[in-house]
Asker: 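Pasting a structure below so you can have a look.
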Amino acid sequence: MAVGRIPVLVGPTAVGKTAVALALAAHWPLEVISADSRQVYRRLDIGTAKPTRKEQARVPHHGVDILDPGHRFSAGRWAAAASAWIEIVQARQRLPVVVGGTGLYVRALMDGLFREPALDATRRKGLERYLADLTPAELVRWASRLDAEYAGGGRQRALRCIEMALMTGYPLTHWQRAAREGRRFEPWYVVLSVPRPILHQRIERRAVEMVQRGLIEEVAAVLAEGHAAHAPGLDGIGVKEAVEYLHGARARDSVAEAITISTRQYAKRQETWFRHQLDGEVLRLDATRPPTELAAEIAAHWSKT
């Protein structure tokens, strides 16, 4: 069983979490537990801003490239997998460092594991086919009616709420309360942030680079495998805009701008989440400084606590 304090490095997208995690390898014998709901999908490397193969060879990463774009990976499933990865890393006498910006993943691991009740596979597939035709607004409306405590979270979150309520007779929040286990370790949070104008510049630069590096071609190759445009792995920011272009819903020269706008909005929500939702010890750092400098400060604080 995983025990003890574990560093959890979080912050908005494009703030530089990966670079800092890699720099920490100069101070700790670490392995990264990726808390990113987009990087779990295979073959979407550019669209999900994954660490490169060279970076992953330098520092082992868990939670990257673990399922195909046609499958969903809930926060509860991720938390169960992450707990196992943490135990594996600790058994090797190395330090697991959780790194990512998906707040629901962090919360699932922090608050305990959601044990999903058994669901009939045939009924589940039938429900998925029906729900696939509903608009995001319709999904949110249904989720809100079926679960009075539904707090939003996008298409996949709404689908999850509807599925659990209709197939079990109880809302998702009921199962989360009833099945929650105690925290298995003590998180030590490090929150990276930069002034919003700088973050916006980084987001815009990354969006442009994604398209230049072959984002659209990468997504086209995944679609050619037979995955639906609304598949779970294809509805994330960056990938979604490429899908829209490939289906004639936007011009190619608008893809980078659309990604920039959506990412800025998402980053704002992330900043709000990490400002209000973290319990326990939190170290907040200005990430305008070089990753090596930030890593040294993080390591120094860690040794004192």
Side-chain angles (χ1 to χ4, degrees), residues 12-14 34-50 63-78 100-105 108 124-125 127-144 150-164 172 203 206-207 210-211 214-250 252 254-270 273:
T13 185
S34 174
D36 189 304
S37 63
R38 298 291 101 192
Q39 293 183 0
V40 299
Y41 293 108
R42 302 185 185 108
R43 297 182 296 287
L44 292 168
D45 302 343
I46 299 171
T48 61
K50 288 176 190 169
V64 176
D65 292 332
I66 60 177
L67 75 165
D68 287 330
H71 299 284
R72 280 194 287 149
F73 202 61
S74 69
R77 284 183 62 195
W78 178 85
T102 302
L104 288 176
Y105 276 19
R124 190 175 195 173
K125 286 187 177 296
L127 180 59
E128 287 177 351
R129 286 194 295 270
Y130 173 77
L131 295 176
D133 295 327
L134 299 185
T135 66
E138 289 172 329
L139 290 173
V140 168
R141 185 164 62 250
W142 272 105
S144 300
Y150 173 70
R155 182 183 181 87
Q156 294 307 315
R157 185 66 173 173
L159 284 168
R160 181 72 167 152
C161 287
I162 295 169
E163 175 185 78
M164 292 302 296
L172 176 62
I203 289 170
R206 190 172 74 174
M210 281 180 170
V211 176
L215 167 66
I216 292 172
E217 292 74 19
E218 176 182 81
V219 174
V222 171
L223 287 171
E225 296 174 356
H227 297 291
H230 58 263
L234 296 174
D235 70 349
I237 297 171
V239 176
K240 176 178 63 178
E241 289 76 11
V243 170
E244 290 170 351
Y245 161 70
L246 291 166
H247 282 264
R250 70 168 57 256
R252 185 183 180 99
S254 74
V255 172
E257 181 181 5
I259 293 172
T260 298
I261 293 171
S262 295
T263 305
R264 285 174 177 174
Q265 294 169 344
Y266 176 55
K268 184 177 180 180
R269 295 194 299 271
Q270 287 177 300
W273 201 96

Asker: Between CH2 of W273 and CZ of R269, what distance do you get to the nearest 0.5 Å?
Answerer: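 W273 CH2 to R269 CZ: 14.0 Å, rounded to 0.5 Å.
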
Asker: With distance as the sole test, does E218 use its side chain to make a donor-acceptor pair with the main-chain N or O of I46 at under 3.5 Å?
Answerer: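 Yes.
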
Asker: Nearest 0.5 angstrom please: R252 CZ to L246 CG, how far?
Answerer: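 Rounded to the nearest 0.5 Å, the CZ-CG separation comes out at 8.5 Å.
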
Asker: Provide the closest heavy-atom pair for S34 versus W78 in the form atom of the first, atom of the second, distance.
Answerer: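 Scanning both residues completely, I find the closest heavy atoms to be O-NE1, 3.1 Å.
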
Asker: Do you know which two heavy atoms are closest between R155 and L134, and how far apart they sit?
Answerer: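 Smallest heavy-atom distance, with atoms named: NH1-O, 3.2 Å.
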
Asker: So which atom in D133 and which in R129 form the shortest heavy-atom distance, rounded to 0.1 Å?
Answerer: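 Nearest heavy atoms, D133 then R129: OD2-O, 4.0 Å.
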
Asker: Does R42 come within less than 4.0 Å of E225, counting only side-chain N to carboxylate O?
Answerer: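 So R42 does not pair with E225 through a salt bridge.
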
Asker: Nearest heavy-atom pair of A242 and V255: which atoms, and what distance?
Answerer: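 Residues A242 and V255, closest heavy atoms: N-CG1, 4.4 Å.
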
Asker: Are D235 and R72 close enough for a salt bridge, meaning some N to O gap below 4.0 Å?
Answerer: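 Looking at R72 together with D235, the answer is no, because their closest N to O distance does not fall below 4.0 Å.
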
Asker: Could I get the full list of side chain to side chain contact (heavy atoms under 4.5 Å, CB included) partners for L67, not counting sequence neighbours?
Answerer: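 Scan of L67 (side chain to side chain contact (heavy atoms under 4.5 Å, CB included), adjacent residues dropped) gives V40, Y41, H71, F73.
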
Asker: Identify every side-chain donor-acceptor pair in residues 256-263 under 3.5 Å, counting partners at least two apart or on other chains, and give the distances.
Answerer:
unit_1 : atom_1 : unit_2 : atom_2 : d
T260   : OG1    : A256   : O      : 2.9
S262   : OG     : E241   : OE2    : 3.4
S262   : OG     : A258   : O      : 3.3
T263   : OG1    : I259   : O      : 2.6

Asker: Say you draw a straight line from OH of Y245 to OG of S254; how long is it, rounded to the nearest 0.5 Å?
Answerer: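 Between atom OH of Y245 and atom OG of S254 there are 10.0 Å.
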
Asker: Nearest 0.5 angstrom please: R38 CZ to T102 OG1, how far?
Answerer: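 Interatomic distance, R38 CZ to T102 OG1, rounded to 0.5 Å: 8.0 Å.
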
Asker: Would you find a donor on one side and an acceptor on the other, under 3.5 Å apart, between the side chain of Q39 and the backbone of A49?
Answerer: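 Looks like yes, one N/O pair under 3.5 Å.
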
Asker: Can E163 and R160 be counted as an ion pair, charged N to O under 4.0 angstrom?
Answerer: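 Between R160 and E163 there is a salt bridge, with a charged N closer than 4.0 Å to a carboxylate O.
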
Asker: Can you give me the closest heavy-atom contact between C161 and Y150, atom names plus distance?
Answerer: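 In this case the closest contact between C161 and Y150 is SG-CD1, 3.3 Å.
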
Asker: What are the two closest non-hydrogen atoms of G70 and A231, and how far apart are they?
Answerer: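 Closest heavy-atom pair between G70 and A231: CA-CB, 4.2 Å.
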
Asker: Keeping Q270 on the side-chain end and T13 on the backbone end, is there a donor-acceptor pair under 3.5 Å?
Answerer: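 Flag set: sc Q270 to bb T13 pair under 3.5 Å.
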
Asker: With a 4.0 Å cut-off on N to O distance, would you call E217 and R43 a salt bridge?
Answerer: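 Not counted as a salt bridge, because no side-chain N and carboxylate O are separated by less than 4.0 Å.
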
Asker: Measure the spacing between CZ of R157 and CG of L139 and express it to the nearest 0.5 Å.
Answerer: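 R157 atom CZ to L139 atom CG measures 14.0 Å (nearest 0.5 Å).
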
Asker: Working to the nearest 0.5 Å, report the span between CG of L159 and OG of S74.
Answerer: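 The distance works out to 12.5 Å.
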
Asker: Answer whether the closest heavy-atom distance between the side chains of L234 and L44 falls below 4.5 Å.
Answerer: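 Yes, at least one pair of side-chain atoms sits under 4.5 Å.
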
Asker: Taking NZ, NE, NH1 and NH2 as the nitrogens, is one of them in K50 or D36 under 4.0 Å from a carboxylate oxygen of the other?
Answerer: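 No, this pair does not count.
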
